[in-house]
Amino acid sequence: MTTNENKGTAVITGASAGIGKIYAQRLAKRGYDLILVARRANLLEEVATSIRADFSVKVKTVVADLAIGADLDAVADLFSNDDSISLLVNNAGTSTLGSLTAVKQAEVDAMTGLNIGALVRLSLAALLAFKSRDKGTIINIGSVLGFHTLPISSIYSGTKGFVNNFTRGLQDEVAETNVKVQLVLPAATATDIWPLSGVPISALDPNTVMDAEHMVDAALAGLDQGETITLPSVEDHQLFAEYDAARLKLLLASQSSKSASRYAAGK
Ligand SMILES: NC(=O)c1ccc[n+]([C@@H]2O[C@H](COP(=O)([O-])OP(=O)(O)OC[C@H]3O[C@@H](n4cnc5c(N)ncnc54)[C@H](OP(=O)(O)O)[C@@H]3O)[C@@H](O)[C@H]2O)c1
């Protein structure tokens, strides 16, 4: 079923697989035309073909490696050239899990380049276009590993911590406008990112892993409910409010001209 309302066009990065592919299907069902971005042309075309068969929406594919400057420029330019674009899902991401000394420099560069560099660049391109029309939505896919780190996730967690803080800053920037920015914080979700990261999904407790369909459906329900931060797998929503209140309390407690008394002993 497709809605008749003109929703405009959604740009979805990392739409060839996993979470991005499900966003593409769900947003097509909601009536969005689509621009699907990823590196693997054959998979992108498969996703596009199946969506065209199921829904009366237009689907374009853009083959781009978002860790490469020229490709990223071309995708960023879409936002100034196509004023039908009303939604960006900044989803493409990559992970190599391992200690810092074990992870290769190229893998570090891939994580920082894609998870941070491309996300910032495309957020900026979308923000400029959306602010000029005072309309549009940016969905940034962070992670619960943005507020936690493991001995094998210092780079990945670092990139997602960036996404979390960056996106919250953007939300403050657009607070007085009609532009919406949603931060989605998935926990473990059953996609290829796990085997690609070096950890098979079979190594995880199945009770802690959500499928991508449920993750995306919950994230879109959160968007519909006006949430700015959505934690699809967290039953007790109050936990995040408490976490955030503690974070703010700590920040306020840090605003002092005096050092803490426990550091005065050595004077
Ligand atoms: N799965 C989880 O447990 C989980 C949890 C929290 C957050 N997340 C986040 O969710 C997002 C989606 O991940 P996923 O789990 O769906 O992973 P995935 O199944 O591995 O999909 C990643 C997508 O990103 C694309 N991509 C990777 N490198 C790219 C590049 N250099 N340029 C353009 N596209 C690129 C891939 O397509 P190509 O290979 O065709 O380019 C693919 O479509 C990521 O930001 C991830 O960090 C995932």
Side-chain angles (χ1 to χ4, degrees), residues 11-26 34-48 61-76 88-97 106-123 139-150 153 155-164 166-167 182-201 203-206 208-216 218-219 230-234:
V11 175
I12 305 166
T13 67
S16 62
I19 290 167
K21 177 177 168 179
I22 306 299
Y23 263 109
Q25 292 166 350
R26 297 304 195 255
L34 303 176
I35 298 177
L36 307 179
V37 183
R39 294 168 302 180
R40 287 171 292 176
N42 54 336
L43 290 187
L44 267 188
E45 208 39 62
E46 271 176 33
V47 174
T61 59
V62 176
V63 177
D65 184 337
L66 296 173
I68 293 178
D71 285 14
L72 183 55
D73 287 347
V75 176
L88 165 65
V89 187
N90 247 329
N91 164 76
T94 189
S95 170
T96 300
L97 295 175
E107 294 163 336
V108 173
D109 293 345
M111 284 187 270
T112 57
L114 183 64
N115 303 3
I116 297 178
L119 181 131
V120 171
R121 180 71 201 285
L122 297 184
S123 293
I139 300 173
N140 282 350
I141 309 296
S143 169
V144 295
L145 280 182
F147 51 75
H148 186 66
T149 195
L150 304 165
S153 76
I155 299 295
Y156 180 74
S157 287
T159 66
K160 290 299 177 175
F162 180 96
V163 174
N164 294 1
F166 168 75
T167 305
Q182 183 196 25
L183 173 63
V184 177
L185 303 177
T189 309
T191 70
D192 294 344
I193 203 169
W194 285 97
L196 290 170
S197 77
V199 175
I201 293 182
L204 307 177
D205 174 352
T208 65
V209 182
M210 190 178 290
D211 62 46
E213 286 81 0
H214 284 106
M215 202 298 283
V216 173
T230 299
L231 288 129
S233 58
V234 175

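Remember, it's 1-based here, ligands and their atoms both numbered in the order they're listed.
The nearest protein atom to atom 27 (C) of ligand 1, hydrogens excluded, is given as Arg39 NH2, 3.5 Å; this is a heavy-atom distance. With hydrogens left out, the protein atom closest to atom 14 (P) of ligand 1 is Thr191 OG1, 3.4 Å, a heavy atom. For atom 18 (P) of ligand 1, the closest non-hydrogen atom on the protein side is Ile193 N, 3.9 Å. With respect to atom 25 (C) of ligand 1, the closest heavy atom belonging to the protein is Gly14 CA, 3.6 Å. Of all protein heavy atoms, the one lying nearest to atom 37 (O) of ligand 1 is Ser16 OG, 2.8 Å. In this structure, atom 32 (N) of ligand 1 lies nearest to the protein heavy atom Leu66 N, 2.9 Å. Summary of contacts: the protein heavy atom closest to atom 48 (C) of ligand 1 is Ile19 CD1, 3.9 Å. Nearest protein heavy-atom contact of atom 47 (O) of ligand 1 is Tyr156 OH, 2.6 Å.
Using a 4.5 Å heavy-atom cutoff, the side chains of Val62 and Asp71 are not in contact. Looking at Val120 and Phe162, their side chains come closer than 4.5 Å, going by heavy atoms from C-beta outward. The shortest side-chain heavy-atom distance between Asn115 and Tyr156 falls under the 4.5 Å cut-off. You'll find the side chain of Leu196 stays beyond 4.5 Å of the side chain of Thr94, heavy atoms only. Inter-residue side-chain proximity for Val184 and Met215 is flagged as met; some heavy-atom pair is nearer than 4.5 Å. Contact check for Asp73 versus Arg121: side-chain heavy atoms found under the 4.5 Å cut-off. The shortest distance between side-chain heavy atoms of Ile141 and Leu119 does not fall below 4.5 Å.
The distance from ligand 1 to the heavy atoms of Ala188 drops below 4.0 Å at these ligand atoms: 3 (O). Ligand-side atoms of ligand 1 in range of Ser143: 6 (C), 7 (C), range being under 4.0 angstrom from any heavy atom. Close approach of ligand 1 to Ala92 (heavy-atom distance below 4.0 Å) involves ligand atoms 24 (O), 34 (N), 45 (O). For ligand 1, the atoms closer than 4.0 angstrom to any heavy atom of Ala17 are 43 (O). Proximity to Trp194 (heavy-atom distance under 4.0 Å) selects the following atoms of ligand 1: 1 (N), 2 (C), 3 (O). With ligand atoms numbered from 1 in the order given, ligand 1 contributes 32 (N), 33 (C) to contacts under 4.0 Å with heavy atoms of Ala64. If you number the atoms of ligand 1 from 1 as listed, the ones under 4.0 Å from a heavy atom of Ile141 come out as 9 (C), 10 (O), 11 (C). Close contacts between ligand 1 and Ala15 involve ligand atoms 43 (O) [criterion: under 4.0 Å to a heavy atom].
At least one heavy atom of Ala187 sits closer than 4.0 Å to an atom of ligand 1. Ligand 1 lies out of reach of Met215, whose nearest heavy atom is not under 4.0 Å from it. In this structure, Gly142 counts as a contact residue of ligand 1, since one of its heavy atoms falls inside 4.0 Å of the ligand. Not a single heavy atom of Thr13 sits under 4.0 Å from any atom of ligand 1. At least one heavy atom of Asp65 sits less than 4.0 Å from an atom of ligand 1.
Here the straight-line distance linking atom OG of Ser16 with atom CD of Glu45 works out to 12.0 Å at 0.5 Å rounding. Thr13 contributes atom OG1, which lies 10.5 Å from atom CG of Leu36 (distance to the nearest 0.5 angstrom). Note: Thr191 OG1 to Ile22 CD1 = 10.5 Å, rounded to the nearest 0.5 Å.
Comparing heavy-atom distances from atom 12 (C) of ligand 1 across Asn91, Val199, Leu72 singles out Asn91 as nearest. Of the listed options Pro186, Gly93, Gly20, Ala67, Gly93 places a heavy atom closest to atom 22 (C) of ligand 1.
Lys160 NZ: more than 12 foreign heavy atoms inside a 6.0 Å radius.
Ile139 approaches Tyr23 most closely through the heavy-atom pair CG2-OH, 3.9 Å.
Contacts between Lys160 and ligand 1 below 4.0 angstrom, taking non-hydrogen atoms only, involve the side chain exclusively.
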**Request:** Go through the steps for Leu145 and Leu150 under the test side-chain contact (heavy atoms from CB on, under 4.5 Å), then give the verdict.
**Result:** CA-CA 8 Å; Leu145 280 182; Leu150 304 165; 4.3 Å; yes
**Prompt:** What do the steps show when you test Ser123 against Asn90 for side-chain contact (heavy atoms from CB on, under 4.5 Å), and what is the final call?
**Reply:** CA-CA 8 Å; Ser123 293; Asn90 247 329; 3.1 Å; yes
